[in-house]
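Just below is one structure, and these are the notes that go with it.
Hydrogens, waters and symmetry mates play no part in the numbers below; they use all other heavy atoms, side chains included. Just so it is clear: chains get the letters A, B, ... in the order the sequence lines come, proteins before strands, and each one is counted from 1.
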Amino acid sequence: MLARPVLEVAPRLLGAVLRHGDVAVRLTEVEAYDGAGDAGSHAFRGRTPRNEVMFGPPGHLYVYFTYGMHYCCNVVCGPDGAASAVLLRAGEVVGGIDQARARRPRSRDRDLARGPARLCQALAIDLADNGADLSGGPLTLTLGEPVDPVSTGPRVGLRGAPDNPWRFWETGAPSVSAYRPAKPR
DNA sequence: CCTACGATCGTCT
DNA sequence: GACGATCGTAGGT
């Protein structure tokens with residue numbers, strides 16, 4: 001399934017569960033990054049040490065560090081070498097909630113994984129998990145039943161990329177991240 | 001609810 | 001040397 005085209009995979013990841021140790025998050029919001037031809041993608045300017053996992057086989061986790069303090073994670077998908085990936089933007093904690101609360105002590109439950117960096121915090125994902133195989137082991141992604149209805153809209157925080165509706169979320173889910181417009185400069 | 005701003009450092013030009 | 005697939009807080013409506 002993850003080897004299908006990214007625009008097909010992304011909405012199917014809604015409802016999937018990502019588990020890391022005891023904490024499990026059910027995904028409610030994702031964004032598609034469509035390979036080296038996508039101006040919004042880290043892969044747009046070619047392969048670099050940071051993004052090399054994106055260019056590998058599907059089913060692995062691409063983790064990056066940003067703003068000097070946050071991690072975000074993606075599921076690599078599409079055929080091997082396509083460099084496409086799905087950013088995991090938000091979800092709801094469905095397992096290990098005590099541990100997730102301990103990692104984000106000031107969050108209300110619905111906010112524990114509401115946002116890509118918060119999701120990584122709740123799941124304790126960092127660069128040590130870059131490239132991890134999601135088919136088993138400590139980090140596991142389990143697909144669920146298709147979610148319906150699904151809403152779509154523009155991706156968050158991008159500048160200089162076409163305004164494609166490549167953000168997908170479960171309609172009405174309370175854990176969907178708050179929209180933040182791209183910061184003007 | 002909303003908008004504004006600072007934190008903080010790896011990555012790429 | 002500029003910028004970033006963000007977040008938490010502060011303050012206004």
Side-chain angles (χ1 to χ4, degrees), chain A residues 6-7 9-11 13-14 16 18 25 27-56 58 60-78 82-93 100-132 134 141 151-169 172-185:
Chain A
V6 63
L7 292 177
V9 175
L13 290 183
L14 298 175
L18 181 62
V25 169
L27 304 176
T28 56
E29 181 188 2
V30 301
E31 276 176 6
Y33 287 84
D34 192 11
D38 176 1
S41 171
H42 288 173
F44 183 58
R45 294 175 202 287
R47 188 172 186 149
T48 69
R50 176 175 68 157
N51 67 21
E52 85 172 54
V53 170
M54 293 184 85
F55 288 81
H60 292 251
L61 199 67
Y62 164 52
V63 184
Y64 67 92
F65 180 65
T66 191
Y67 288 100
M69 61 192 97
H70 297 304
Y71 300 98
C72 298
C73 68
N74 300 249
V75 175
V76 176
C77 61
S84 55
V86 176
L87 172 69
L88 307 185
R89 286 202 56 90
E92 55 192 5
V93 175
R101 285 176 180 146
R103 289 170 180 158
R104 298 190 41 79
R106 312 198 53 127
S107 272
R108 310 161 73 108
D109 283 354
R110 92 177 66 178
D111 295 333
L112 285 171
R114 189 186 193 215
R118 292 165 171 179
L119 181 147
C120 283
Q121 241 177 283
L123 285 167
I125 286 169
D126 63 20
L127 286 183
D129 304 302
N130 190 32
L134 297 174
L141 179 71
S151 300
T152 66
R155 296 177 293 181
V156 175
L158 296 192
R159 305 165 25 90
D163 191 21
N164 296 313
W166 289 350
R167 175 181 178 226
F168 302 85
W169 65 94
S175 55
V176 170
S177 69
Y179 178 73
R180 307 237 188 180
K183 201 185 265 186
R185 186 96 39 177

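The interatomic distance linking A:R103 (CZ) with C:dC7 (C1') rounds to 18 Å, in whole Å. For the pair A:L127 CG and B:dT11 P, the computed distance is 8 Å after rounding to whole Å. With rounding to whole Å, A:D111 atom CG is found 11 Å from C:dT9 atom P. For A:E29 and C:dT6, the CD to C1' distance is 13 Å, given to the nearest whole Å. In this structure, CG of A:L158 is placed 13 Å from C1' of C:dT6, rounded to the nearest angstrom.
Of the listed residues (A:R114, A:R89, A:R118), just one forms a side chain to side chain donor-acceptor pair (under 3.5 Å) with A:S177, and that residue is A:R89.
No side-chain heavy atom of A:V86 sits under 4.5 Å from any side-chain heavy atom of A:N74. No side-chain heavy atom of A:V63 sits less than 4.5 Å from a side-chain heavy atom of A:V53.
Here A:R167 does not reach the OP1 or OP2 of C:dA5: none of its side-chain N or O atoms lies under 4.0 Å away.
Considering only side-chain atoms of A:R118, the nucleotide from C:dT6, C:dG4, C:dG8 that sits closest is C:dG8.
Atoms SG and CE, on A:C77 and A:M54 in that order, are 9.0 Å from each other to the nearest 0.5 Å.
Residue contacts for A:R104: at a heavy-atom cut-off of 4.0 Å it reaches the sugar-phosphate backbone alone, with no base atom in range.
Contacts between residues 36-54 of chain A and DNA chain B, counted as heavy-atom distances below 4.0 Å, involve A:R45, A:T48, A:R50. Residues of residues 62-76 of chain A that place a heavy atom closer than 4.0 Å to DNA chain B, in numerical order, are A:F65, A:Y67, A:G68, A:M69.
Base pairing of B:dT11: its partner is C:dA2, meeting the Watson-Crick or G-U wobble criterion (both donor-acceptor distances under 3.5 Å).
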